[in-house]
2 protein chains.
Amino acid sequence: MGDDPGVGDTRRGRPTMNDVAAAAGVALKTVSRVVNQEPGVNAATAERVHAAIDLLGYRRNDSARTLRSGRTASIGLVIEDVADPFYSSLSRAVEEVALRHGHLLFTGSSRESPERERELVLAFCARRVDGLIIVPAGQDHGYLEPEFADGIRAVFADRPPGAGCEADAVLCDNVGGARTATAHLVAGGHRRIAFLGDSPTIFTARERLRGHRAALAEAGLPYDEGLVTMGPPDPDRLRADLARLLAAADPPTALVTGNGRFTVDTLRALAALSPAPVRLGAEPYLGGLALVGFDDFEPADLLGITVVAQDPGRMGRTAAELLFGRLSGDEGPARRAEVPTRLIPRGSGELPPA
Amino acid sequence: MGDDPGVGDTRRGRPTMNDVAAAAGVALKTVSRVVNQEPGVNAATAERVHAAIDLLGYRRNDSARTLRSGRTASIGLVIEDVADPFYSSLSRAVEEVALRHGHLLFTGSSRESPERERELVLAFCARRVDGLIIVPAGQDHGYLEPEFADGIRAVFADRPPGAGCEADAVLCDNVGGARTATAHLVAGGHRRIAFLGDSPTIFTARERLRGHRAALAEAGLPYDEGLVTMGPPDPDRLRADLARLLAAADPPTALVTGNGRFTVDTLRALAALSPAPVRLGAEPYLGGLALVGFDDFEPADLLGITVVAQDPGRMGRTAAELLFGRLSGDEGPARRAEVPTRLIPRGSGELPPA
DNA sequence: ACCCTGTGTGACAACGTTGTCAGCAGGCCT
DNA sequence: AGGCCTGCTGACAACGTTGTCACACAGGGT
């Protein structure tokens, strides 16, 4: 006595099926049947049970359900960073599909740290998620073996799993997209095209560089290492690299940027380097420097930036559907899906060489 | 016999504490102690247990743990849309704090649907999350009562809970921010300032309009309903509204946009309406129409758009920390935290009236 | 001899649900 | 009558963990 914040009820805590059963004057199991909409319950009985449920405010405890049945109706999603528009679009698509399949979604951002990726994945597994969608930060997925053995399914998105890991993957056509970007500039008359990409430790960055090189080779143009800069996103470094590139004896007349963040950072760097205000749209862009960005970004249309668009929504949807296919018994060998890219000309990529 | 995809082991499925105990030659409870790092286990025994754990690839089943102990070490986050940069920044901050507290995060997007908000929240509750952070779509949170009674804590973010719901909330200084935006334009000499906002069913939209009106009143300017358009985001409607506004006998010389999406959509509409290419940065913007946007967005700096910036990261952090405070026993009355806004002049808001 | 304390360990019940099986009517067939 | 369905309901064990309590043993004081 004294501090009793209890409700008007004599019981404490959440009502269980047992409480409902007692209130409805039926057996526990009958309540279970009603809650799970199992057939074979008399309509009048079911009605009484429903009344008791409403009266007590009963809600099923999914932990117990999970423990007993083994299915959690939830999946885990590990991406690089929720705040990156590319991944948040992917995230939304996954969420959509998961919800349609009656599943809930755990999310976590690895921040490009393999260790954090591993921790998140294992934490999801400890929660017994039914499946995983992973944008891997690391290259080694041996830690998933026990989980696979236990029947957890995983689909990799945006980047393939590490060597030796047989799992589904949904990738973007990185090589083709980058080749298209560079080829587009070549077709516009450019001969010296710089490539500004993410760290070569990242799969997509390497692939896109491959595509860039392929386009140069197909056009019979030399591959000049001095025109390539790669590394983790860092506005200062990027600005320095750009300044160096533009000050060279034989500067590039066009740029290809390796992802959305790099495109925006590049524009910022150009604005900072430019003596005159940056003018966009149909206007010549910084003295005629052409630009094609890999990956579309929100107001790229306003800025008149030509891009090779990925489709993160489609990637997320594909990955999620692949996963749910697996969860409903699809047992074939590991699959690899490729999401195409699309060139969207908006002006910046159509400027002729200066 | 026949189809036995089993591993080299005779057992099926995931090893349990019992299996580990058998392998290590100790009792189940000892394994539990080791796994949970409870004190009072002999170092040599613990070593044997660890060896058995590694050997079998054992991982604790959190569903059972949850069932027994009642704590899930997970929280639920319901936002409006992950793909909206404002909410994804908020999301990231929440994730960060959750991880620091050793909690995992369920996320879901309500898409501005009260029903979906409710479903997500209740699904999270069925999973027995320890707490919730909710950006409410609906106005009625009576459905949370049974959950509160059961000890689940909730913090509302960006928008307050419905009437009668005593819960913590973290809000942005909507009124103050909007007042600042309009006052800034007034100080620049503008007398006819249009307000383009989200649907008045949304709390933040109403509050921001209030701030706008307050600034007008403080400046002794009339409030002209003809200069206000509100409604759910729809580029076509916005363009039509803008066309109407600009074609009026006494058109506005400045705009205030009610959130990031509206700012970008407005720019798009202006670009579409403009005969000349849009020029940004320090250039006069579409014939001198000034603009201040509520809410910062990614390349607003590049576009030279003056904004009143919110701080979604801080909002998420504050909400999450408030929640974890509650989870660790803070029992005071419901709190309301306000996150300040900040005017960032970038050119578009400093243009004088045409 | 006694009790006491501390250290390490284990047996057992409990958490709230679902799967299995058994039971009890009532009806319809042989 | 006896047998056998079909429709509905309930008793009970099990899922894998943690909390509670008890026990065995060693050491140190009386």
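Within every chain, numbering begins at 1; the chains are lettered A, B, ... in the order of the sequence lines, protein sequences first and strands thereafter.
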Please list, in numerical order, the residues of residues 44-53 of chain B that have a heavy atom closer than 4.0 Å to any atom of DNA chain C.
Thr45(B)
Could you pull out all residues at least two apart from Arg335(B) that satisfy side-chain hydrogen bond (donor to acceptor under 3.5 Å, both in side chains)?
Asp330(B)
Ring pair (Phe, Tyr, Trp, His ring centres under 6.0 Å) involving Tyr87(B) - partner list, sequence neighbours excluded
none
Point-to-point distance, once rounded to the nearest 0.5 Å, from CG of Leu323(A) to CD1 of Ile75(A):
5.5 Å
May I have all residue pairs that pass salt bridge (charged side-chain N to carboxylate O under 4.0 Å, His left out) and include part of residues 32-58 of chain A, sequence neighbours excluded?
none
Determine all donor-acceptor pairs shorter than 3.5 Å in which one atom belongs to a side chain in residues 95-104 of chain A; sequence neighbours excluded.
unit_1, atom_1, unit_2, atom_2, d
Glu95(A), OE1, Ser109(B), OG, 3.1
Glu95(A), OE2, Ser109(B), N, 2.5
Glu95(A), OE2, Ser109(B), OG, 3.0
Glu96(A), OE1, Arg111(B), NH2, 2.7
Glu96(A), OE2, Arg116(B), NH1, 3.4
Arg100(A), NH2, Glu321(A), OE2, 3.2
His101(A), ND1, Val97(A), O, 3.0
His103(A), ND1, Ser74(A), N, 3.4

Span of DNA chain C in contact with chain B (heavy atoms, under 4.0 Å)
dG8(C) to dG16(C)
Closest nucleotide of DNA chain C for Ala27(B) versus for Ser69(B): which of these residues is on the 5' side?
Ala27(B)
Mind checking what makes side-chain hydrogen bond (donor to acceptor under 3.5 Å, both in side chains) contact with Thr201(A), not counting sequence neighbours?
Ser199(A)
Residues in salt bridge (charged side-chain N to carboxylate O under 4.0 Å, His left out) contact with Glu331(B), at least two apart in sequence or another chain:
Arg153(B)
If you take any heavy atom closer than 4.0 Å to DNA chain C, which residues from residues 34-43 of chain A end up in contact?
Asn36(A)
Across the strands shown, which category fits Arg33(B) at heavy-atom distances under 4.0 angstrom: base, sugar-phosphate, nothing?
base
If you pin Thr30(B) and Ala64(A) to their nearest nucleotides in DNA chain C, which one's is more 5'?
Thr30(B)
Using salt bridge (charged side-chain N to carboxylate O under 4.0 Å, His left out) as the criterion, list what pairs up with Arg60(B), not counting sequence neighbours.
Asp62(B)
With sequence neighbours excluded, residues passing side-chain contact (heavy atoms from CB on, under 4.5 Å) with Ile152(B)
Cys125(B), Leu132(B), Glu147(B)
List the residues meeting side-chain hydrogen bond (donor to acceptor under 3.5 Å, both in side chains) with Arg92(A), not counting sequence neighbours, and say none if there are none.
Asp81(B)
